[in-house]
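Since the structure is predicted, the reported quantities are computational estimates derived from the model, not experimental observations. One is the number of the first residue; the rest follow in order along the sequence.
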Amino acid sequence: MLGATFLPFHISRYGKRNVKRFSRSFDLAESIGLVCSYKTMVEGSLIDEFQKKLRSLDKKVSILVFHENSSKTEEISNSSFSKRDLNFFGIWTKPKVKDFTARKFDYLINLDLCSNIFVHSVLAESNAHCRVGVYADSSRAFLELMVKPQQKSLTYFLEAVEEMLIKIRNDE
């Protein structure tokens, strides 16, 4: 797909935007976005548990899932997208992706432990106040908070994210 060749340009361009970024106290946070690839969603029970835990804390949770196989995105979820949703110039055309990136989440959490340029593009384009993900030098441009789990597994990552978010306090 030719549009994917433009994604690194868009990621750096969006990284230079003047979006007000800050980390709100987790207690005061209202909306949380989750973005991941379908490979991560295979461990869906962990993600479902995490979503339930966030909702039990009165947080509005939205999820967006990237799927490599574009023909199956609607079968998985109406909140999924694929590289086929990129136009020739590397701009997302699917309304769900545009709406997701336009929302001003208090926290946007990337659940992928491995690098995915399509998910990175959504993170870079996002208007979220604080973007969270696994620690990687290549993610510095579009993550405000990076977490390095004890082991490279989704279980440890989610525990580390939860622990980190609960520790965030702002005395405004």
Enquirer: Which residues pass the side-chain contact (heavy atoms from CB on, under 4.5 Å) test with S115, sequence neighbours left out?
Expert: H120
Enquirer: Applying salt bridge (charged side-chain N to carboxylate O under 4.0 Å, His left out), name anything that partners K60, two or more places apart in sequence or on another chain.
Expert: none
Enquirer: CD1/I63 to CD1/I32 distance, rounded to the nearest 0.5 angstrom?
Expert: 12.0 Å
Enquirer: Do the side chains of L64 and V119 get nearer than 4.5 Å, heavy atoms only?
Expert: no
Enquirer: Minimum heavy-atom separation for V35 to F100, with atom names?
Expert: CB-CE2, 4.3 Å
Enquirer: Using the side-chain contact (heavy atoms from CB on, under 4.5 Å) criterion, which residues pair with L145? Sequence neighbours excluded.
Expert: C130, V132, M164, L165, I168
Enquirer: Do D112 and S37 get their side chains close enough for a donor-acceptor pair, meaning under 3.5 Å?
Expert: yes
Enquirer: Answer yes or no for K59 and F26: cation-pi contact, defined as NZ/CZ to six-membered ring centre under 6.0 Å and angle to ring axis within 45°.
Expert: yes
Enquirer: Can you tell me which residue among V147, I166, V134, L111 is in a side-chain contact (heavy atoms from CB on, under 4.5 Å) with V161?
Expert: V147
Enquirer: Do S62 and F105 make a side-chain contact, defined as non-hydrogen atoms from C-beta onward lying under 4.5 Å apart?
Expert: yes
Enquirer: About how many Å separate CG of L158 and CD1 of I109, when rounded to the nearest 0.5 Å?
Expert: 8.0 Å
Enquirer: Looking at side-chain heavy atoms only, is the closest gap between L28 and D106 below 4.5 Å?
Expert: no
Enquirer: Sequence neighbours excluded, which residues qualify as ring pair (Phe, Tyr, Trp, His ring centres under 6.0 Å) partners of F66?
Expert: F81, F118
Enquirer: Take N110 and N116 through the side chain to side chain contact (heavy atoms under 4.5 Å, CB included) test and state the conclusion after the steps.
Expert: CA-CA 10 Å; N110 177 13; N116 181 327; over 6 Å; no
Enquirer: So W92 and L86, do their side chains get closer than 4.5 Å, heavy atoms only?
Expert: yes
Enquirer: Dump the intermediate steps for side chain to side chain contact (heavy atoms under 4.5 Å, CB included) on C36 and V65, then the final yes or no.
Expert: CA-CA 5 Å; C36 64; V65 181; 4.3 Å; yes
Enquirer: Could you tell me which residues satisfy side-chain contact (heavy atoms from CB on, under 4.5 Å) with E159, sequence neighbours excluded, listed by chain and number?
Expert: T155, Y156
Enquirer: Test of understanding: with side-chain contact (heavy atoms from CB on, under 4.5 Å), list the residues that count as partners of K152, not counting sequence neighbours.
Expert: L113, C114
Enquirer: Residues two or more places apart in sequence or in another chain: which of them pass salt bridge (charged side-chain N to carboxylate O under 4.0 Å, His left out) with E162?
Expert: K53
Enquirer: List the atom of A160, the atom of P149, and the distance in Å for their closest heavy-atom pair.
Expert: CB-CA, 4.5 Å
Enquirer: Please check: side-chain N/O of T101 versus main-chain N/O of V97, any donor-acceptor pairing under 3.5 Å?
Expert: yes
Enquirer: Test of understanding: with salt bridge (charged side-chain N to carboxylate O under 4.0 Å, His left out), list the residues that count as partners of D137, not counting sequence neighbours.
Expert: R140
Enquirer: Does the side chain of S31 come under 3.5 Å of the side chain of R103 through a donor N or O and an acceptor N or O?
Expert: no
Enquirer: Restricting to non-hydrogen atoms, name the atom on D85 and the atom on K94 that form the minimum distance, rounded to 0.1 Å.
Expert: OD2-CD, 3.4 Å
